[in-house]
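When a ligand or atom number is given, it counts from 1 through the structure's own listing order.
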Amino acid sequence: MTTKTILITGGAGFIGSHVVRLFVNKYPDYQIVNLDNLTYAGNLANLTDVESQPNYTFVKGDITDQKFITELFATYNFDGVIHLAAESHVDRSITSPMEFVLTNVVGTVNLLNASKELVKGGKAFDRFYHVSTDEVYGSLHDDSFFTEQTSYDPQSPYSASKASSDHFVRAYHNTYKLPVVISNCSNNYGPNQFPEKLIPLFINNIRQEKALPVYGKGENIRDWLYVVDHARAIDVVYHQGVLGETYNIGGHNEWTNIGLIKVLCKIMDRKLNRAEGSSEKLISYVTDRAGHDFRYAIDASKIQKELGWTPSLQFEEGIEKTIDWYIENESWLSFVTSGDYLNYYKQQYSK
Ligand code: NAD
Ligand code: DAU
């Protein structure tokens, strides 16, 4: 028997597919509706293991299409929403900011309006859960951490669009009493990440013995979390998070880019039976990203203390699992790096 119908947006993407898998398998009494427009980043091959489960439905559609969203909500009368659909790559936001405004801001407001109408119509609505990023807090230049009280200071068109959507979600809670919750997470890594992002891009290039384009001096710092641990946190926040609250999610796992890249090179040399040090020779320092945020670091003590979530996997284990997945899923990598990807790559890395 179905006890809840939950809309997950962006479920064919990297993080979304891990969230869909967790919810479909863990909650057989929930009907999970995955709404995704299948942009370059969305891939139904990420979900072949759950696609025939009776409690899973896929709907192809665009969150920026207001009429379509209104009809979708009327059809399914959702009990809750977990919103992950977004344009998510900082470099693309630098070349095409308007797409980020449309999907990340307008798309989010369409979903908020549809949820508000359900509540207005008397629906006992669980919550609108907005999945956001630590990039809304800006760039750290000292050894402090982002807490839930840190002021917003987005620096890229991507983070500005996510910050804007976070503000709309809070405004709908304050103004219309829409039950909402937000989480802001650090950099994710793991299987199924589109190879425009640092880790899968570099794994793919090492595999093909292609240059490794390190922005600037490679000294920027990121806090990495295994994607399945983020999905576990999303489960906890959806079910136990206090309405109106924000939860920071992070791995307490900071690496300079160059430090992380050297680890990737070393592990790949071992796994591909190449001479030690051969992948490091592929490192090529290139022009820095415009407005490149220096350091992100999350203080995740609130979600740990209040909701009992901590990461389950050490980075050493997570990165081995991740590299193994990309090596074993060469056909997935080859498929997503054909076609449009080649044009993107040429444009991004021939500057
Ligand atoms: P992704 O780019 O891999 O996936 C985004 C998904 O959204 C894709 O499946 C895409 O097809 C879909 N989508 C895009 N535009 C759409 C539209 N107009 N209508 C319907 N679907 C659309 O992104 P990701 O890395 O999985 O990130 C998911 C969410 O988590 C995003 O909101 C992102 O801001 C947030 N986040 C990501 C990270 C990270 O490290 N990747 C960290 C913190 C937060
Ligand atoms: O912090 C959370 C954010 O992490 C998410 O909200 C974003 O959706 C996600 O894309 C990610 O943003 P970053 O910009 O930190 O991730 P990216 O993988 O693009 O880059 C990680 C670091 O590596 C960053 O300092 C830039 C650098 N880099 C990246 C690429 C793609 C390079 O040096 N060379 C590259 O080719």
Side-chain angles (χ1 to χ4, degrees), residues 8-20 34-44 46-47 59-65 68-69 82-94 99-100 102-104 106-108 110-111 130-137 139 146 156 158-159 161-162 165-166 183-190 192-202 205 211-225 227 230-231 234 249-250 255-258 260-261 283-289 292-298 336 345 348-349:
I8 299 183
T9 70
F14 167 48
I15 302 170
S17 61
H18 289 275
V19 176
V20 166
N34 171 14
L35 166 65
D36 198 297
N37 202 25
L38 301 181
T39 67
Y40 76 92
N43 187 351
L44 288 179
N46 295 344
L47 287 166
V59 178
K60 181 176 179 335
D62 188 342
I63 60 168
T64 68
D65 181 343
F68 162 75
I69 291 296
I82 305 178
H83 175 38
L84 295 108
E87 286 294 336
S88 68
H89 191 40
V90 174
D91 292 327
R92 290 185 194 252
S93 82
I94 294 168
E99 285 174 29
F100 286 69
L102 292 175
T103 293
N104 298 359
V106 176
T108 301
N110 274 336
L111 292 164
H130 181 60
V131 176
S132 193
T133 171
D134 61 357
E135 298 199 13
V136 299
Y137 298 123
S139 176
F146 297 136
S156 72
Y158 163 68
S159 53
S161 69
K162 291 296 291 188
S165 61
D166 291 13
S183 60
N184 296 83
C185 188
S186 65
N187 287 62
N188 284 213
Y189 71 98
N192 306 100
Q193 187 169 30
F194 193 78
E196 62 188 351
K197 309 281 166 57
L198 181 74
I199 290 182
L201 174 76
F202 278 38
N205 283 14
L212 304 177
V214 179
Y215 295 160
K217 294 183 180 152
E219 286 167 355
N220 303 63
I221 296 169
R222 297 291 183 266
D223 169 4
W224 295 94
L225 177 70
V227 62
H230 188 190
I234 289 173
I249 303 169
W255 289 85
T256 60
N257 291 339
I258 194 66
L260 175 66
I261 290 160
I283 290 175
S284 157
Y285 291 91
V286 300
T287 312
D288 207 356
R289 173 183 278 174
H292 197 171
D293 286 342
F294 181 65
R295 171 174 171 255
Y296 305 142
I298 279 279
V336 300
Y345 199 92
Q348 178 64 25
Y349 293 104

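- Under a 4.0 Å N-O distance rule, the pair Arg92/Glu196 qualifies as a salt bridge.
- Heavy-atom contacts of Asn187 reach the following atoms of ligand 1: 40 (O) (cutoff under 4.0 Å).
- Numbered from 1 in the order shown, with element, the atoms of ligand 1 that lie under 4.0 Å from a heavy atom of Ser132 read 43 (C), 44 (C).
- Aromatic ring pairs are classed by plane angle as parallel below 30°, tilted from 30° to 60° and perpendicular above 60°; the pair Phe194 and Tyr40 is perpendicular.
- Residue contact annotation: Gln348 has no non-hydrogen atom under 4.0 Å from ligand 2.
- Side-chain N/O atoms of His130 and Thr108 include no donor and acceptor closer than 3.5 Å.
- Contact analysis puts Glu196 in contact with ligand 2, with a non-hydrogen atom separation below 4.0 angstrom.
- Among protein heavy atoms, the minimum distance from atom 3 (O) of ligand 1 is reached at Phe14 N, 3.1 Å.
- Using a 4.0 Å cut-off to heavy atoms of Tyr158, the atoms of ligand 1 that qualify are 33 (C), 34 (O).
- Leu35 pairs with exactly one of Asp62, Ile63, Ile8 by the side chain to side chain contact (heavy atoms under 4.5 Å, CB included) rule, that one being Ile63.
- Remark: the Asp91 side chain and the Tyr215 side chain contain an N/O donor-acceptor pair separated by less than 3.5 Å.
- Residue Val131 has at least one heavy-atom neighbour below 4.0 Å for each of these atoms of ligand 1: 30 (O), 32 (O).
- The protein heavy-atom contact nearest to atom 21 (N) of ligand 1 is Asn37 N, 3.1 Å.
- Between Ile15 and ligand 1, at least one pair of N/O atoms sits closer than 3.5 Å.
- In terms of N/O distances under 3.5 Å, ligand 1 is approached by Thr39.
- The atoms of ligand 2 that sit less than 4.0 Å from any heavy atom of Ser186 are 1 (O), 2 (C).
- Nearest protein heavy-atom contact of atom 40 (O) of ligand 1 is Asn188 N, 2.9 Å.
- Close approach of ligand 1 to Cys185 (heavy-atom distance below 4.0 Å) involves ligand atoms 42 (C), 43 (C).
- Taking any N or O of Ser88, backbone or side chain, at least one lies under 3.5 Å from an N or O belonging to ligand 2.
- Here's the thing with Arg289: one of its N/O atoms is less than 3.5 angstrom from an N/O atom of ligand 2.
- Some N or O of Thr133 is nearer than 3.5 Å to an N or O of ligand 2, by distance alone.
- With a 4.0 Å cut-off on non-hydrogen atoms, Asn187 touches ligand 2 through its backbone as well as its side chain.
- Side chains of Tyr158 and Glu87: a donor-acceptor N/O pair is absent below 3.5 angstrom, by distance only.
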